[in-house]
2 protein chains.
Amino acid sequence: MPRKVTSTSTRDRIVEIARELFAEHGYTGTTIADIARGLGTTTAALYYHFDSKAEILDAILAEPMAAYADMAERATHGRLPPEEILGGYVDFVAETRHVLPLVTADPRIHTVLDERLPRRPQEMVDAIVATLAGPRPSRAALIRAHAAFAVVKEATVAALGSDDELSRADRREIVAAALRALRKG
Amino acid sequence: MPRKVTSTSTRDRIVEIARELFAEHGYTGTTIADIARGLGTTTAALYYHFDSKAEILDAILAEPMAAYADMAERATHGRLPPEEILGGYVDFVAETRHVLPLVTADPRIHTVLDERLPRRPQEMVDAIVATLAGPRPSRAALIRAHAAFAVVKEATVAALGSDDELSRADRREIVAAALRALRKG
DNA sequence: GTCTATATTGTGATAGAC
DNA sequence: GTCTATCACAATATAGAC
């Protein structure tokens, strides 16, 4: 990874502070002044490091978005068994847990996502669910696929709580519950 | 229900238009001018019917919030079997589908909710999940309860799609999937 | 790299005529 | 009940000194 020699610590601190504030108050609900206060400086200082508020958001989302696109691609075109698709989503949620609430929380962020991702998030979710449901799924099978997807998405967040890592036992329990939701009988 | 004799149709139209705009762009992301434009009038006209933007939000949320508090109360203190708790939540989601995305979408709305509800939403969710998990639950049982709750919440939204009502078959399928997620083996 | 000061725009809300 | 006009304020962003 090419890394600038000059210290990027101030820039990184801005991203970190903005991430927390965005997650708590939303993107629109957080002002540049809020971020500057968290950093201990003024808004003008921020604009030395970033050209706009939206650019800070970009810096926060770039990596998670790439990870999301990767995960979705593997899930839909990797010919993986359901448990690996579901497990992969659990891992993705656990890895990006700090930005996930942000993304779902503010409608204005959808614009950014639509511009940067290969496909729109809703399409990617639909593709994953369709893969889980299998070819020519019945309506009931589609509902079960949505159910399984809901489990890996929400139960992972719940299990993480305020922790940073997910235990193996928790991961197993979540994937097992999702598989039961997916499969009848 | 006491109902004013004078027509409330303009007021109702405002609420309806605001509901749609809030759901799509979020509360903060929607301006009074946006609502006025949708109504075909000016911002000043709006202020004849409502004293503030927040009051419009109140009008939208009042009924769903009461329904939510009811549902949560029955779920936690009604000594109901899990399938009735889960089914009750499915019905609640189906009934309030037009405002639900709004509530989860904008962090600023949390303030309104905290003020009007008997308990904070997160506490109410935790109480329902705890009831589903049973007395002295293991960590695994708690995760399964979260999983079941996720299913009724998300799969119902998915099944509804753009429809207004949920078929009996869909409802059965969702509750069954949630129960499988809840119960091991 | 950070500051003070300020330009600029958007938004919630009000005044007063009709 | 709705209008035109406008206020007050907050928020993004910039200018220029240090």
Side-chain angles (χ1 to χ4, degrees), chain A residues 3-61 102 105-112 115, chain B residues 3-61 102 105-113 115-116:
Chain A
R3 196 109 166 90
K4 284 212 208 80
V5 177
T6 60
S7 168
T8 56
S9 77
T10 302
R11 198 187 146 97
D12 289 349
R13 276 183 64 215
I14 293 170
V15 170
E16 186 53 37
I17 290 165
R19 194 205 322 276
E20 288 168 20
L21 291 174
F22 286 170
E24 188 174 350
H25 308 289
Y27 176 71
T28 324
T30 302
T31 70
I32 301 277
D34 291 335
I35 303 172
R37 197 175 320 114
L39 190 69
T41 59
T42 64
T43 68
L46 277 189
Y47 279 91
Y48 174 82
H49 299 279
F50 290 93
D51 283 345
S52 71
K53 185 184 173 184
E55 212 173 85
I56 301 178
L57 180 63
D58 280 350
I60 294 173
L61 293 184
L102 164 62
D106 204 309
R108 193 156 302 192
I109 291 188
H110 296 346
T111 315
V112 178
E115 285 169 5
Chain B
R3 194 109 167 91
K4 283 212 209 79
V5 178
T6 61
S7 167
T8 56
S9 78
T10 301
R11 197 188 145 96
D12 289 349
R13 277 183 64 218
I14 293 171
V15 170
E16 186 53 37
I17 290 165
R19 194 207 319 279
E20 289 168 19
L21 291 174
F22 288 170
E24 189 175 349
H25 308 289
Y27 177 71
T28 325
T30 302
T31 69
I32 302 277
D34 291 334
I35 302 172
R37 196 176 319 117
L39 190 70
T41 61
T42 63
T43 68
L46 277 189
Y47 279 91
Y48 173 81
H49 299 279
F50 290 93
D51 284 344
S52 70
K53 186 184 175 185
E55 214 174 84
I56 301 178
L57 180 63
D58 280 350
I60 295 174
L61 293 185
L102 164 62
D106 204 308
R108 193 156 301 191
I109 292 188
H110 296 346
T111 314
V112 178
L113 296 177
E115 284 169 6
R116 308 292 160 113

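For the numbers below, each heavy atom of this structure counts, side chains included, while hydrogens, waters and symmetry mates do not. None of these values were measured; they are calculated from a predicted model. So you know, we letter chains A, B, ... as the sequences are listed, proteins then strands, and number each from 1.
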Sorted by number, residues from residues 25-32 of chain B placing a heavy atom under 4.0 Å from DNA chain D are none
Once you round to the nearest 0.5 Å, how far does CG of A:L46 lie from CD1 of A:I14?
-> 5.0 Å
Separation of atom NZ in A:K53 from atom P in C:dT8, rounded to whole Å = 21 Å
Taking all non-hydrogen atoms of both residues into account, name the closest pair between A:K53 and A:I32 and its distance.
-> CB-CD1, 3.5 Å
Take the protein atom CG of A:D51 and the nucleotide atom C1' of C:dG1, then report the distance between them rounded to whole Å.
-> 15 Å
Side-chain heavy atoms of B:R116 within contact of B:L61, under 4.5 Å | no
With sequence neighbours left out, which residue pairs that include part of residues 22-38 of chain A fulfil the side-chain hydrogen bond (donor to acceptor under 3.5 Å, both in side chains) condition?
-> A:T28-A:D106, A:T31-A:D34, A:D34-A:R37
Going by number, which of residues 40-50 of chain A have a non-hydrogen atom under 4.0 Å from DNA chain C?
-> A:T41, A:T42, A:A44, A:A45, A:Y48, A:H49
Evaluate the side chain to side chain contact (heavy atoms under 4.5 Å, CB included) criterion for residues B:V15 and B:F50: first the C-alpha distance (whole Å), next the side-chain angles of each, then the deciding distance (0.1 Å), finally the verdict.
-> CA-CA 10 Å; B:V15 170; B:F50 290 93; 3.8 Å; yes
Flag the pair B:E16 and B:R19 as a salt bridge only when some basic side-chain nitrogen lies within less than 4.0 angstrom of an acidic carboxylate oxygen.
-> yes
Looking only at heavy atoms, which two atoms of A:A18 and A:I35 are closest? And how far apart?
-> CB-CD1, 4.0 Å
Gap between atoms CD1 and P, on B:I56 and C:dT11 respectively (whole Å) | 15 Å
